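Okay, so here's the structure we're looking at.
Everything quoted here is computed from the prediction, not taken from an experiment.
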Amino acid sequence: MPKKERKSLGESLVEEGIITAEQLKEAQAEAMRLGQRLRGVLVKMGFIAEEDLVAFLSDKLGLPRIELDNYLIDPKTVELVPEVLARKYELIPVLKIGNRLTCAMLDPWNVLALDEIRMKTNLTIEPAVATESEIKKALNQYYGARGSMEDLIKSIDAKKLGVEEGREIDTKKLQDIVEEPVVIKLVNLIIMKAVKEEASDIHIEPEEEILRIRFRVDGMLHEVSSPPKYLQSTIISRIKIMASLDIAERRKPQDGRFAIKAEGREIDVRVSCVPTVYGENVVLRLLDTSTALLSLKDIGFSEELFEKYQKLVSRPHGIILVTGPTGCGKTTTLYASLDKINTVEKNIITIEDPVEYKLQGIRQIQINPKVDLTFANGLRSILRQDPDIMMVGEMRDSETAEIAIQAALTGHLVFSTLHTNDAPSAITRMIDMRIEPYLVSSSVIGILAQRLVRTICSECREKYKPSKEALKDIGLSGEEKIDFYKGKGCPKCRHTGYKGRIAIFELMLMDDKIRNLITDKAPLDDIRKQAQSSGMITLKENGVQKIREGLTTLEEVFRVTQEE
């Protein structure tokens with residue numbers, strides 16, 4: 001990079017017509033008089049907006065633009081560059097991948113800075129650009145209070161911060177407190193820790209004498225180090241500000257969202273606040289939008305089930321339902337299904353709440369009740385868009401179900417979800433929604449029920465002999481030739497013995513016998529028995545297959561299928 005970048009910066013701005021030659025001359029004189037950088041003076045004098053200048057530098061130098069306000073940086077990455085050097089060169093280390101360290105810099109052309117940081121870290125430095133205000137804020141935020149959550153909490157001076165045990169803070173003062181670097185750092189640490197542990201949710205739960213924080217990892221909640229009770233309103237207000245919620249409103253539920261970048265990953269955060277007797281309870285749902293879309297085989301389909309399901313989703317029309325409780329991976333299965341059949345010859349449109357992943361080549365609609373864009377109204381509009389395949393996020397009411405059925409009967413393939421315990425129960429659920437049995441039997445072509453079971457940690461996996469009671473619970477006699485495995489527990493799996501999850505399925509394909517039973521309003525048990533006679537493998541049976549493959553344990557399959 002040329003060493004006289006400051007001069008070329010001004011000339012380039014003039015050449016591009018962003019500023020005039022007279023403005024450049026005036027700014028250069030002011031910069032020399034004040035002993036400041038030209039770029040800062042150009043912004044201060046109003047000749048160019050700071051954001052426009054950074055965008056220009058990014059384009060001119062071919063460097064990435066990093067929005068530091070939406071980026072969470074790992075404290076270990078920050079520690080790679082000493083504070084004295086970071087402040088000297090006005091830069092912040094952002095991301096380390098292998099032997100490469102990305103730094104957001106005020107002067108990305110500063111060769112001396114790049115060389116000194118490279119020598120100090122023994123890493124290849126990759127510069128990026130950010131605004132001056134972002135870098136200064138990040139320097140105070142990350143270097144002002146470093147260390148673990150425990151160290152950070154110990155360093156907080158409650159009186160200096162303006163918070164005291166049992167004392168209510170007024171809204172105006174709270175707005176000032178939540179912008180303090182130590183508060184920003186504390187909330188960022190909580191979110192960063194959850195991201196590193198691959199948590200799907202963060203629960204911030206006020207109790208009478210403590211503020212409890214729990215992470216949901218692999219479907220199970222576990223408690224983490226929690227800050228003192230007196231920081232409750234400060235932490236919750238900081239999260240509400242990030243989600244653009246009203247910090248003065250504490251009497252009614254609020255929902256919001258924000259996006260961050262952490263460890264090179266884009267995380268979409270959904271925030272829900274509800275008032276409780278001990279203060280607002282906050283749950284943050286973390287969605288990693290940068291993860292690759294899983295295929296049907298990746299989520300747990302066996303060869304046999306994959307062949308059956310592939311034929312089902314290749315049908316030209318009908319309704320395919322995916323059922324199960326909240327958080328069992330229904331949306332992931334639907335996305336994998338759409339990705340499997342997505343071709344240039346087909347027009348696929350979805351209506352969802354929320355849109356969790358953006359799918360290339362598929363039109364996705366986010367419902368918005370505020371403008372009366374509901375599942376039912378959106379589905380009506382979709383039918384006028386000449387679709388071949390539609391996905392409705394959830395059949396919440398009879399109106400949505402009726403429109404979906406009419407779409408299926410007029411030559412469209414419709415995917416949707418229901419909250420039921422197993423596949424046959426979806427039939428009675430639709431009839432409970434006042435859908436005529438003959439319409440259900442003539443439109444639904446297949447129902448896939450699913451659950452998520454935790455998989456055994458590969459680092460501490462070992463053979464074991466289960467008890468007779470455990471075998472009996474899962475429907476095994478003990479005479480089967482199966483090698484049983486479990487996780488011993490290690491740091492990688494947080495000593496749980498499990499790491500990651502995989503789905504177990506129950507696929508009910510509609511045939512004439514099942515359709516006749518539905519039309520005749522037969523009991524659910526009769527439909528279930530006929531489905532099994534027609535070759536349906538139950539959730540528990542599919543779970544046993546996963547046990548045979550050494551993927552999960554008896555206890556885990558029993559935990560998620562015990563209602564059977």
Side-chain angles (χ1 to χ4, degrees), residues 1-3 5-6 9 37 39-40 50-147 181 184-185 187-189 191-198 242 258-269 286 288-292:
M1 295 179 187
K3 291 183 180 180
E5 187 64 41
R6 291 187 185 115
L9 168 65
R37 291 187 179 87
R39 59 175 286 174
E50 187 178 29
E51 188 58 53
D52 293 338
L53 179 58
V54 171
F56 175 80
L57 286 171
S58 174
D59 181 62
K60 198 73 178 173
L61 300 176
L63 298 176
R65 158 72 167 110
I66 293 181
E67 296 181 12
L68 289 172
D69 286 346
N70 297 327
Y71 212 107
L72 292 190
I73 306 172
D74 190 336
K76 290 182 180 178
T77 302
V78 175
E79 289 172 5
L80 293 171
V81 177
E83 181 177 356
V84 64
L85 288 183
R87 292 192 181 279
K88 175 183 176 182
Y89 294 118
E90 293 181 285
L91 60 85
I92 189 85
V94 173
L95 178 67
K96 179 183 178 291
I97 299 177
N99 67 339
R100 296 180 177 274
L101 180 66
T102 300
C103 293
M105 305 178 66
L106 195 61
D107 290 343
W109 54 85
N110 190 331
V111 178
L112 290 176
L114 293 171
D115 285 346
E116 190 166 354
I117 301 298
R118 177 180 54 80
M119 290 175 66
K120 188 69 180 177
T121 62
N122 201 27
L123 296 169
T124 300
I125 307 302
E126 295 188 343
V129 294
T131 66
E132 184 174 4
S133 57
E134 285 174 345
I135 290 175
K136 285 182 176 179
K137 185 177 177 182
L139 285 169
N140 292 330
Q141 177 180 326
Y142 289 100
Y143 286 104
R146 286 181 289 171
I184 296 171
K185 179 66 173 174
V187 173
N188 286 356
L189 266 177
I191 299 173
M192 174 63 74
K193 184 176 175 64
V195 171
K196 293 188 79 170
E197 290 195 20
E198 299 179 1
M242 293 170 75
F258 59 91
I260 58 169
K261 286 187 178 180
E263 298 194 317
R265 297 148 61 189
E266 294 186 7
I267 310 293
D268 192 22
V269 185
L286 308 179
D288 188 348
T289 59
S290 61
T291 54

Notebook entry, point to check: Quick one: OG1 on T77 to OH on Y142, what's the gap to the nearest 0.5 Å?
Noted result: 10.0 Å
Item checked: Test side-chain contact (heavy atoms from CB on, under 4.5 Å) applied to R118 - qualifying residues, sequence neighbours left out -> D115, I125
Next item on the list: Report the residues that fulfil side-chain contact (heavy atoms from CB on, under 4.5 Å) with N70, sequence neighbours left out, ordered by chain and then residue number.
Entry: E67
Item checked: Residue list, salt bridge (Lys or Arg N to Asp or Glu O under 4.0 Å) with K136, at least two apart or on another chain -> E132
Notebook entry, point to check: Out of curiosity, L68 CG to K137 NZ, how far, rounded to the nearest 0.5 Å?
Noted result: 10.0 Å
Contacts under 3.5 angstrom, residues 88-98 side chains, donor-acceptor by atom type, not counting sequence neighbours:
from	atom 1	to	atom 2	distance (Å)
Y89	OH	E116	OE1	2.4
E90	OE1	R37	NH1	2.4
E90	OE1	R37	NH2	3.2
K96	NZ	G98	O	2.8

Next item on the list: Report the distance from atom CG of D288 to atom CD of E198, rounding to the nearest 0.5 Å.
Entry: 9.0 Å
Item checked: Under the salt bridge (Lys or Arg N to Asp or Glu O under 4.0 Å) test, residues paired with E50 that sit two or more places apart -> none
Item checked: Residue pair P127 / L63: nearest heavy atoms and the distance that separates them -> O-CD2, 3.6 Å
Notebook entry, point to check: Who pairs with T131 by side-chain hydrogen bond (donor to acceptor under 3.5 Å, both in side chains), at least two apart in sequence or on another chain?
Noted result: S133, E134
Note to self: List the residues meeting side-chain hydrogen bond (donor to acceptor under 3.5 Å, both in side chains) with N188, not counting sequence neighbours, and say none if there are none.
What the structure shows: none
Item checked: Which residues share a side-chain contact (heavy atoms from CB on, under 4.5 Å) with S58, sequence neighbours left out -> R65, V129
Item checked: By side-chain contact (heavy atoms from CB on, under 4.5 Å) - contacts of N99 (at least two apart) -> L123, T124
Next item on the list: Please determine which of L72, L286, I191 meets the side-chain contact (heavy atoms from CB on, under 4.5 Å) test together with I267.
Entry: L286
